[in-house]
**Q** 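Quick one: structure below, then a few questions.
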Amino acid sequence: MDKRSSQIILIGIFIGIFIGAISGWIFGEKMQAVAWLGVLFMNALKMVIIPLIISSMIVGITSLGDVRHIGGTGIKTILYYTLTTGISVLIGIIMVNLIQPGSGIGTAGAELLERVQSKENFSFLDVLMGLVPPNLFKAMVNMEILPLIFFSLLFGGVLTTLGKKAKIMITFFEVINDAIMKIVHLILWFAPIGIFGLVAGKLGSIGGGEAFQAELIKLGKYALTVIIGLSIHATVVLPLILYFFAKKNPLTYLYNMGSALTTAFSTASSSATLPLTMECVEQKNKISSKASSFVLPLGATINMDGTALYEAVAAMFIAQAYGIDLSAPEQAVVFLTATLAAIGAAGIPEAGLVMMVVVLQAVHLPLEGIGMLLTIDWFLDRCRTTVNVWGDSVGAAVIAQTKEIRDDEQVLDK
Ligand code: ASP
C-alpha cells in the first residue's frame, strides 16, 4: 500500500474514532444501531486470520532455511517476550504500591462471575497441552491460534528438509500469503467506518457518556493506576528498547503502527488486529518478514505486556479493597502468576479479566473481587490490548536485528 493511501486511511480512522466517541457519548443507547458496522469490520479481520497465520508462518520458517536459525531466533524471541513482560509487571506492582488505589474503597460490586469459574483449575500444563491440536480443523474452526502456530512451524520446518520437491508447496503458501495481504489492504479501507461503529456502539451499549463518567469516577484511581503503568511501559520502556536494540526511531515506528494500534484499541483483540499489525510492521516499518511472520502471530497470543501489568495491578487492587496486606513474597507470587496469566490469556476481548483467577487463587484472594473490576474493564481492556500489540511490533523490530536473521538477509542480498 502506498504512503498516501495509508495516510488517508489513518486520518480516516482518527475521524472515525472522534465521531464515534462524540456520537456515542451524546446519543448513548441509540448508537447501538451502528454497532453492526464494527462487527462487520471485526469479522473481516477474523476472516483472514487463519489463512494468514498458516501461510505467513510457513513462509517465514521456510525462508529462514537452516533449522539452526529457527532455534536461535525462537530462543531470542521467547527471551524478549519474558523480559519485556517482566518489566511491565514490575512497573504495575510499583505503581499500585505507590498509588494504593484500593485502600479504603470497600468491596461493593464483588460477586462471583460465572465465566470466571471455567478457569478455576487452570494450570500451565493447560497452555502446554493446548499446543498440540488433536484435530487441526477443529482448531481452525474454534480459532485456536497456538495449536495452528505449532502445526505451521512443524510443517514449515519439515518442508525445509524435503529439498527440491518442496519448492512448489512453498511457492503455494507464498502466493496465499501475498493474496491475503492484498485482502488486508482492502479491509483497511473500511477501517474508519468499522472503527466508528465499534467506538459508537460500545459507548452506546454502556449507556453513553454520562454512564461512562460515572464508572470512571467510581473506579477512577484504579483505572488511573493501570493507565499510568501502561503509559510508562509504552512510552518509555518499549521506545528505549526499540531505539537501543533495533536502532529504530520510535516516533516514526509508532506513527507507522497507527492503523494497527487504533484497531487494537477499538477491537480489544490482539488476534483480530494481527492482520493489520503484520501489514504495518512489514510494509510500513519495513521489518523483515522473516522476523515478523514468527514474532507477531506468536506474540498476539502469548506476549501481552499490557495484560500482564493489568493482572498485577488488579489483583493488588482487590487485596487493598479487602484490606488484605500482601507481603513481599506474596507480591513475588503475584509477579510470577500475572506473567503466567498473560501468557495463558487468549488475544480476545476481556480474556485478561477471566485469567485473573490464576493470580487471585495463587495468593488466596477472594475470586468475587473480579466482579468489582467489571464495569470499567471494557475500557481498560482496550488500553492494555493497544500496549500488547505495540509490544509485539517492537519485538519484531528487535528480533529482525538478531544475527540469525541479518545473516540470512545478507545471503539473500548477494
Ligand atoms: N484483550 C486482550 C488482547 O486481546 C487480552 C486481555 O483481555 O487482556 O490482547
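For the single chain, residues carry numbers from 1 onward in sequence order. Order of listing sets the numbers, starting from 1, for every ligand and every atom in it. Being a predicted model, the structure only gives us computed values, none of them experimental.
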**Q** Of all the atoms in ligand 1, which lie at a distance below 4.0 Å from a heavy atom belonging to T385?
**A** 1 (N), 2 (C), 3 (C), 4 (O), 9 (O)
**Q** Suppose I only count heavy atoms of S269 and a 4.0 Å limit; which atoms of ligand 1 are within that range?
**A**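 Heavy-atom distances to S269 below 4.0 Å select 4 (O).
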**Q** Ligand 1 and A351, any nitrogen or oxygen pair closer than 3.5 angstrom?
**A**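 Among all N and O atoms of A351, at least one is under 3.5 Å from an N or O of ligand 1.
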**Q** Can you list the atoms of ligand 1 that are under 4.0 Å from a heavy atom of T307?
**A**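 Under 4.0 Å from T307, ligand 1 has these atoms: 5 (C), 6 (C), 8 (O).
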**Q** Students should be able to answer this: which protein heavy-atom is nearest to atom 7 (O) of ligand 1, and at what distance?
**A**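 Here the nearest protein heavy atom works out to G352 N, 2.7 Å.
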**Q** Under 4.0 Å from a heavy atom of A268: which atoms of ligand 1 are those, numbered in the order shown and with their elements?
**A** 1 (N), 4 (O)
**Q** For F212 and W25, take the angle between the two ring planes, folded into 0 to 90°, and tell me which bin it lands in: parallel under 30, tilted 30 to 60, perpendicular over 60.
**A** perpendicular
**Q** Please evaluate residues F41 and W36 with respect to the criterion side-chain contact (heavy atoms from CB on, under 4.5 Å), reporting the C-alpha separation (whole Å), side-chain torsions for both, the decisive distance (0.1 Å), and the verdict.
**A** CA-CA 9 Å; F41 177 56; W36 65 274; over 6 Å; no
**Q** Report yes if some N/O of S271 lies less than 3.5 Å from some N/O of ligand 1; otherwise report no.
**A** no
**Q** If we count only N and O atoms by modelled type, under 3.5 Å, do the side chains of Y310 and N388 hold a donor and an acceptor together?
**A**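 No, because no side-chain N or O of Y310 sits under 3.5 Å from a partner of the opposite role on N388.
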**Q** Would you say L353 and ligand 1 have an N/O pair spaced under 3.5 Å apart?
**A** no
**Q** Out of all atoms in ligand 1, which are within 4.0 Å of some heavy atom of S270? Include the element for each.
**A** 3 (C), 4 (O), 9 (O)
